[in-house]
Amino acid sequence: MAGEQLSLFGFDKNHAATWSPRDLWLKLDSLNLDAFLEDRRLERKSARKIHFDILAEYLSMWSNTVDGGIVLVGVEDDGTVSGCANLSQDQLNNLEKFHLQKCPDAAPESRRIATPINGKPDFVVLMYVPYRGVLVETNKNEAFIRRGDTKHRMSPEERDDFRSTRHERSWEQRPGGMFNYPRDFDAAIIQEFCDNFREREGKDWSNEDVLVDRHLLLRDADGVIPLNCLVLFAAKDPRYQHAGCRLRVQRFEGTEEGSGQTFRPLRDYYVEGNIPAILQKAGVSIADLNYNVTWLSRDGKFVTTPEYPRHAWLEAIINALVHRSYSFSGSEITVKFFSDRLEIESPGGFVPPVNAENVYHHRASRNPHLMEALRYLGFVQMTREGTRRMRESMERYNLPAPTFSQETMHGVSVRVTLRNDHQTRKRSTDKDVATYCGVDLWKQLAEHEIQIVGYAFNNGTIQVAEAERLTGRRWSTSKKDLDKLVTKGLLTFEGPKYQRDPKAHYKIVDRGYVTEGMFD
């Protein structure tokens, strides 16, 4: 009989993970209660002692989480069904209406699922809490959201960002209270923006009228008030009020940044100013960190290019500056170069309906007025066009498409990752060096070996101490590196008369078959 009922309801435990919270609300019954553990969709709560303040936190959490969620009352943490028959009628009534006082903006629905316990009739209470699309707080002015399988209390900055992305209240449209217009703003940026607007739109307006029309200034009885989006766009020093308006740029030698004693970036600096200034400075300084690499193209020729195409990394930085959450005022955008990837991380999560899976096809903006202002200066196009351009430029370099993810380790943020094939793309010291080595041998060399051979090729000889300084490896390790290159036929050893003889050195081998014209 049970099998017939399972078939009737179409339930298959193998497909339980695919059910949405709404599916659970409609289909969950006594026959499949044991199939659902606590996860991102469902929370179990005992009915032995009901804590309505705690339940209110879960109502807030599910109301603020896309797809909502389920609270199942009458089931213990270990999955044991203990039931709700012990509750009085008043308690049951309170369970169905407590949200009116404890979490009034939530809109839960509830129903009872009959399930016998130890041969006696009993039931559990199933509560479905739908996503509301606006920030839902408890009566204690706290808000929660689901992060993986945990309940997360939102910080004031996270709540502010949530409201902004759901268009309850826009951060960029708030007054920039510490700034005076026009005294604190870059007149050249303002003029270029307004001239471009007038030319494109055919309007014969004053600069002030243009800024008011584009929602960058607010006019009132006392004059004009600069808004936050204008501060980011054209203030002389936006960090005077918004400390996070900058980029931190780092270059690391390996695949990890390390910590404590092992945190030793090769480069670590900040790029500051208003957003047009940041983009102009970053376009130059970050290009210098984007090493040239030599790689073998599909037609068997060496090609020398930057590690990552300019379109890809610059577009990722533009998107980060335009779409980040400035509600997290103390957090900055980070740009991190590793040997195998480049990561650009910006504060704030994806703006619904955009997510990591549909970022190439959907469009949404956290700061639409700022984005439009930058478009008049030629910095941005539509969001989805920018991400597609990033992908296409990576494909032209035979590199994988950029990946997008939402991270929650140190507060919510969006990370864009550009990857390179560092096993086959070697940093080029000289095109002739790669040609000298030959295709097959060159592809096998490690980065430090490329550096050593390049130095020896250009100077004729190299000593152990020079290799040590060049690669940053220890003397004994550098000696082994040089000896290994001897066995590969690239160097010869001019032996010492005694241990660590300063005259001892390694000499580049005359291989005699350097070929011209191998590079595009």
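Keep in mind that the numbers below use all heavy atoms, side chains included, and drop hydrogens, waters and symmetry copies. A quick note: this is a predicted structure, and the numbers were derived from the prediction, not measured.
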ask   = Phe144 and Tyr58: aromatic ring centres closer than 6.0 Å?
value =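 No, they do not, as the ring centres are separated by 6.0 Å or more.
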If you measure from [atom1] on [X] to [atom2] on [Y], what distance do you get to the nearest 0.5 Å?
X: Glu315; Y: Arg389; atom1: CD; atom2: CZ; answer: 4.0 Å
X: Arg391; Y: Leu399; atom1: CZ; atom2: CG; answer: 14.5 Å
X: Leu314; Y: Ile344; atom1: CG; atom2: CD1; answer: 10.0 Å
X: Leu441; Y: Gln444; atom1: CG; atom2: CD; answer: 6.0 Å
X: Asp209; Y: Cys194; atom1: CG; atom2: SG; answer: 9.5 Å

Over 12 foreign heavy atoms within 6.0 Å of [atom1], [X]:
X: Arg22; atom1: CZ; result: yes
X: Arg200; atom1: CZ; result: yes
X: His311; atom1: NE2; result: no
X: Tyr240; atom1: OH; result: no
X: Arg219; atom1: CZ; result: yes

So which atom in [X] and which in [Y] form the shortest heavy-atom distance, rounded to 0.1 Å?
X: Asp213; Y: Phe197; answer: OD2-CZ, 3.8 Å
X: Arg473; Y: Asp481; answer: NE-OD2, 2.8 Å
X: Ala356; Y: Ser405; answer: CB-CA, 4.4 Å
X: Gln261; Y: Arg264; answer: O-NE, 3.1 Å
X: Lys151; Y: Arg146; answer: N-NH1, 4.2 Å
X: Asn196; Y: Tyr376; answer: ND2-O, 2.8 Å

request  = Please name all residues satisfying side-chain hydrogen bond (donor to acceptor under 3.5 Å, both in side chains) with Asn207, sequence neighbours left out, ordered by chain then number.
outcome  =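 Residues passing side-chain hydrogen bond (donor to acceptor under 3.5 Å, both in side chains) with Asn207: Gln191, Arg198.
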For [X] and [Y], indicate whether the former's side chain and the latter's backbone hold a donor-acceptor pair under 3.5 Å.
X: Glu395; Y: Pro400; value: no
X: Ser478; Y: Arg474; value: yes
X: Arg324; Y: Ser413; value: no
X: Gln406; Y: Phe350; value: yes
X: Asn64; Y: Val136; value: yes
X: Asp161; Y: Gly348; value: no
X: Tyr326; Y: Asn228; value: no
X: Arg310; Y: Gly283; value: yes
X: Asn274; Y: Ala277; value: yes
X: Arg132; Y: Asp105; value: yes

inquiry  = I'd like to check the ring pair (Phe, Tyr, Trp, His ring centres under 6.0 Å) partners of His152; sequence neighbours left out, ordered by chain and number.
reply    =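 Result, ring pair (Phe, Tyr, Trp, His ring centres under 6.0 Å) vs His152: none returned.
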For the residue pair [Y] / [X], report whether a side-chain donor-acceptor contact shorter than 3.5 Å exists.
X: Ser285; Y: Asp288; result: no
X: Asp23; Y: Ser20; result: yes
X: Tyr455; Y: Glu466; result: yes

From CA spacing to verdict: side chain to side chain contact (heavy atoms under 4.5 Å, CB included), Arg366, Trp171 = CA-CA 9 Å; Arg366 178 179 274 109; Trp171 180 91; over 6 Å; no
Flag the pair [X] / [Y] as yes when at least one side-chain heavy-atom distance between them is below 4.5 Å, and no otherwise.
X: Pro104; Y: His99; value: no
X: Arg341; Y: Lys336; value: no
X: Glu57; Y: Arg153; value: yes
X: His361; Y: Arg388; value: yes
X: Glu272; Y: Leu247; value: no
X: Glu137; Y: Ser60; value: no
X: Asn139; Y: Cys103; value: no
X: Ser346; Y: His323; value: no

query = Under the criterion ring-ring contact (aromatic ring centres under 6.0 Å, His included), which of Tyr308, Tyr291, Phe252 is the partner of Phe338?
reply =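 Exactly one candidate clears the test, Phe252.
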request  = Under the side chain to side chain contact (heavy atoms under 4.5 Å, CB included) rule, what do Thr305 and Val293 come out as? Steps first, then yes or no, please.
outcome  = CA-CA 6 Å; Thr305 64; Val293 292; 4.2 Å; yes
Is the Lys NZ or Arg CZ of [X] less than 6.0 Å from the centre of [Y]'s six-membered ring, within 45° of the axis?
X: Lys236; Y: Phe185; result: no
X: Arg248; Y: Tyr269; result: no
X: Arg246; Y: Tyr270; result: yes

ask   = Would you call the rings of His242 and Phe179 parallel, tilted or perpendicular if under 30° counts as parallel and over 60° as perpendicular?
value =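 Answer is parallel, since the angle falls under 30°.
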ask   = Between Val271, Ile333, Asp268, which is the residue that forms a side chain to side chain contact (heavy atoms under 4.5 Å, CB included) with Val249?
value =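 Only one option passes, and that is Val271.
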request  = Please assess Thr417 against Phe404 for the test side chain to side chain contact (heavy atoms under 4.5 Å, CB included), listing each intermediate value before the final yes or no.
outcome  = CA-CA 7 Å; Thr417 303; Phe404 297 79; over 6 Å; no
request  = Using the side chain to side chain contact (heavy atoms under 4.5 Å, CB included) rule, take Ile278 and Leu321 through it: C-alpha gap first, then chi angles, then the decisive distance, then the call.
outcome  = CA-CA 9 Å; Ile278 288 175; Leu321 286 164; 3.9 Å; yes
inquiry  = Checking Glu307 against Arg251 for the salt bridge (charged side-chain N to carboxylate O under 4.0 Å, His left out) test, could you report, in this order, the C-alpha distance in whole Å, the side-chain angles of both residues, the deciding distance, and whether it holds?
reply    = CA-CA 13 Å; Glu307 283 176 287; Arg251 176 98 211 190; 2.7 Å; yes
